[in-house]
Engineer: 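Can you keep this structure in mind? I'll have questions shortly.
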Amino acid sequence: MRCNKAREFLSMEMDGMVPPDSTVELEQHLETCADCQEYRSDLLLGKRLLAATEPELPENFDWKLQLRLSQTLREAAGDAAFPWEEKPSDAWAWLRNFGTAAAVGMAAILTFAIFVGPNDTSDHFVADSVGANPAAAVAEGGNDRLPLSRQIRFNGLQVGGPMQRQAPGMSLTPVTGSRLGLDRGWSGGNLEDLRIINRLRAENRQLTSALLKSQLQLRLRQAQLDTSAQKALDLEK
Amino acid sequence: MNLSRDEHQQVNPSAITGDLREIRDEDLIVHVQNGRRKAFDEIVSRYKGRLFSFILRMVKDPDLAEELTQETLIRVFVHAGKYREIAKFSTWVFTIATNLVRNKMRQRSRRPRLVSLNPAPDEGEMPVDPPDHEADSSSEVEREELARLIQEATSQIPEKYRIPFLLREVDQLSYEEIQQVTGLKLGTVRSRINRARNRFRQLIKPLLRNETLLMELERIEARAEAEKGNN
């Protein structure tokens, strides 16, 4: 047996893992190899040194653990009790909020445009057709922009112009029909609606006040708990 | 010694009967799952020392080691419901501890280090500095000093060897348990422990030939034996 292999077995021997069929061979090697004998005694000494220098736990370890555990449980209970409480904002929250606001805004504009536009029974889109001869239209304007006289009109509002590009060949089909307006939202003049709003506001105020009171009491209890725990720690010291 | 799941389910979760110290870990955690705080206290008393010892030898910083030990135990409590007896309880606990230690060490290594302007010898090649007994032969090597030297030597073993080495030497986990904790193959666990022992031997070699230190070691062992007898 070579020294490398013997040393591998010596490490395994410390854990009682030497294969039985290698034990005799290992012992034979050790009888003739002083270096490996020294290696074995060094490994055993190293193990003894590690065991003898086992670090001691810091003082008040148990107390600190109990405090941390209580805190963790309190936080968990807090999350369950006040799930609506504001969490610390993260770095990208503003971007998400902005995105949401932008999406809501666009949806509102579209809704307004489709459902609450002027009562116009004429064609909704008035577009001088460029589809018939797009090349001519481009040639007329000197570029691929529509000439001023052929801007797209949307419910009477001008949305196209010199700065708006129109792909050659594109044409908007006129839509005819009556206005699709629906009566949505609050009437504004309805007294019943106002009463409901006022009642809901009053309820909201009451709930907010109760919540603040509970939160205040909770913080007070937390402070009392921390103080008594600190006193206990001081006493132990 | 793992019991089957059928045997595991025979634990009466409604009450703790008998001495808590007699109950095995896997049954204690069932009681913790059922909200028995005393069972958790028993787990803490069994594991706090072993965990602290392992973690301190990994991170070297006593405050950080204390924090991570507590964090491990808190996670055991909070996630007790997730433990299933497909592995030994000690394996589960040390897996949590090892993951916490690895994360912390990764965070540390990402932080920029302060570099000394004084040239220092290569850390990997630097042996542990033995106490200078020529200069002060009357001074006794205290346990703390010995512990510091051993800690210094341990921390110079590369992390990937140190974890299985400490799990084996300090926490007495079997090769199979270390395999489960680290996710390594059994052969790799064996060879890493072997390499770590070899490295550790090289690092403490100056201490091993020091007579005063060996006498101190014997004194420490005798004291420990006497304390064990008193308890």
Side-chain angles (χ1 to χ4, degrees), chain A residues 1-19 22 26 34-80 229 233, chain B residues 37 40-41 44-45 48-50 52-53 55-57 62-63 65-67 69-71 73-75 77-78 143-144 146-151 153-154 165-166 168-170 172 174-175 190-191 193-198 200-205 207-208 213-214 216-221 223-224:
Chain A
M1 184 181 279
R2 301 179 73 164
C3 286
N4 273 350
K5 194 70 193 166
R7 288 176 186 197
E8 201 181 305
F9 280 145
L10 284 174
S11 173
M12 289 165 73
E13 184 192 39
M14 292 187 49
D15 307 317
M17 303 284 283
V18 184
S22 305
L26 176 64
D35 285 348
C36 285
Q37 282 176 25
E38 191 182 294
Y39 189 86
R40 179 196 248 172
S41 65
D42 285 355
L43 287 189
L44 290 169
L45 207 50
K47 198 179 178 78
R48 281 173 61 196
L49 278 168
L50 272 172
T53 54
E54 189 110 322
E56 283 171 14
L57 273 170
E59 278 181 24
N60 299 324
F61 178 89
D62 289 336
W63 258 108
K64 287 183 206 165
L65 177 66
Q66 293 304 327
L67 273 180
R68 275 191 71 177
L69 194 59
S70 305
Q71 197 182 345
T72 307
L73 293 176
R74 233 173 24 217
E75 280 169 12
D79 282 349
L233 274 175
Chain B
R37 188 67 178 264
F40 179 67
D41 291 343
V44 170
S45 74
K48 61 183 179 183
R50 291 171 69 187
F52 181 70
S53 186
I55 295 173
L56 178 62
R57 284 179 157 138
D63 292 335
E66 184 182 6
E67 189 194 318
T69 307
Q70 289 183 352
E71 184 61 34
L73 292 166
I74 285 170
R75 286 189 186 202
F77 185 81
V78 173
R143 185 184 177 279
E144 283 76 20
L146 184 60
R148 190 189 65 75
L149 292 170
I150 296 300
Q151 172 65 56
T154 315
F165 170 70
L166 291 176
R168 176 67 212 144
E169 297 289 61
V170 177
Q172 318 281 314
S174 69
Y175 283 13
R190 195 169 52 224
S191 80
I193 290 173
N194 179 31
R195 278 166 190 255
R197 278 178 176 149
N198 194 20
F200 184 59
R201 174 182 171 261
Q202 287 169 1
L203 290 161
I204 60 168
K205 198 142 192 179
L207 303 179
L208 299 177
L213 187 139
L214 294 178
E216 178 61 24
L217 173 63
E218 279 170 14
R219 266 200 296 273
I220 292 169
E221 286 175 337
R223 260 204 310 268

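Letters A, B, ... are given to chains in the order of the sequence lines, protein chains preceding strands, and every chain is numbered from 1. What you see is a predicted model; the values in this text were computed from it and never measured.
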Engineer: Look at the side chain of A:S41 and the backbone N and O of A:E38, then say whether any donor-acceptor pair between them is shorter than 3.5 Å.
Structural biologist: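 Indeed, once roles are kept as given, a pair shorter than 3.5 Å links the two residues.
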Engineer: Return yes if some donor-acceptor pair links the side-chain N/O of B:T69 with the main-chain N/O of B:A65 below 3.5 Å, else return no.
Structural biologist: yes
Engineer: So which part of B:R195 gets closer than 4.5 Å to some heavy atom of chain A, the side chain, the backbone, both or neither?
Structural biologist: neither
Engineer: Check whether B:Q70 gets within reach of chain A through its side chain, its backbone, both or neither, counting any heavy atom under 4.5 Å.
Structural biologist: both
Engineer: Go through the atoms of B:Q151 and report whether side chain, backbone, both or neither lie under 4.5 Å from a heavy atom of chain A.
Structural biologist: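 Interface part for B:Q151: neither.
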Engineer: Counting only non-hydrogen atoms closer than 4.5 Å, does B:D63 touch chain A with its backbone (N, CA, C, O), its side chain (CB onward), both, or neither?
Structural biologist: neither
Engineer: Tell me, which pairs form a side-chain hydrogen bond (donor to acceptor under 3.5 Å, both in side chains) where one or both residues lie in residues 2-12 of chain A, sequence neighbours left out?
Structural biologist: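 Listed by first then second residue: A:S11-B:R197.
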Engineer: Which answer fits A:M17, side chain, backbone, both or neither, if we ask what part of it has an atom under 4.5 Å from a heavy atom of chain B?
Structural biologist: side chain
Engineer: Name the member of A:K47, A:E56, A:E54 that forms the most heavy-atom pairs with chain B at distances under 4.5 Å.
Structural biologist: A:E54
Engineer: Examine whether an atom of B:R50 lies under 4.5 Å from a heavy atom of chain A, and if so say whether it belongs to the side chain, the backbone or both; otherwise answer neither.
Structural biologist: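 Neither part, no heavy atoms under 4.5 Å.
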Engineer: Can you tell me how far apart CZ (B:R57) and CZ (B:F165) are? Round to the nearest 0.5 Å.
Structural biologist: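 If I round to the nearest 0.5 Å, the distance is 8.5 Å.
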Engineer: Are B:L73 and A:F61 close enough, and set up right, to give a side-chain contact (heavy atoms from CB on, under 4.5 Å), and what steps lead you there?
Structural biologist: CA-CA 12 Å; B:L73 292 166; A:F61 178 89; 4.1 Å; yes
Engineer: Is B:K48 salt-bridged to A:D62, going by a charged N under 4.0 Å from an acidic O?
Structural biologist: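 Looking at B:K48 and A:D62, the cut-off is met.
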Engineer: Name the region of B:S45, side chain, backbone, both or neither, that has any atom closer than 4.5 Å to a heavy atom of chain A.
Structural biologist: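 Interface part for B:S45: neither.
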Engineer: Checking heavy atoms, do the side chain of B:L56, its backbone, both or neither come under 4.5 Å from chain A?
Structural biologist: side chain
Engineer: Could you tell me the separation between the CG atom of A:L49 and the CD atom of B:E169, rounded to the nearest 0.5 Å?
Structural biologist: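 Answer rounded to 0.5 Å: 11.5 Å.
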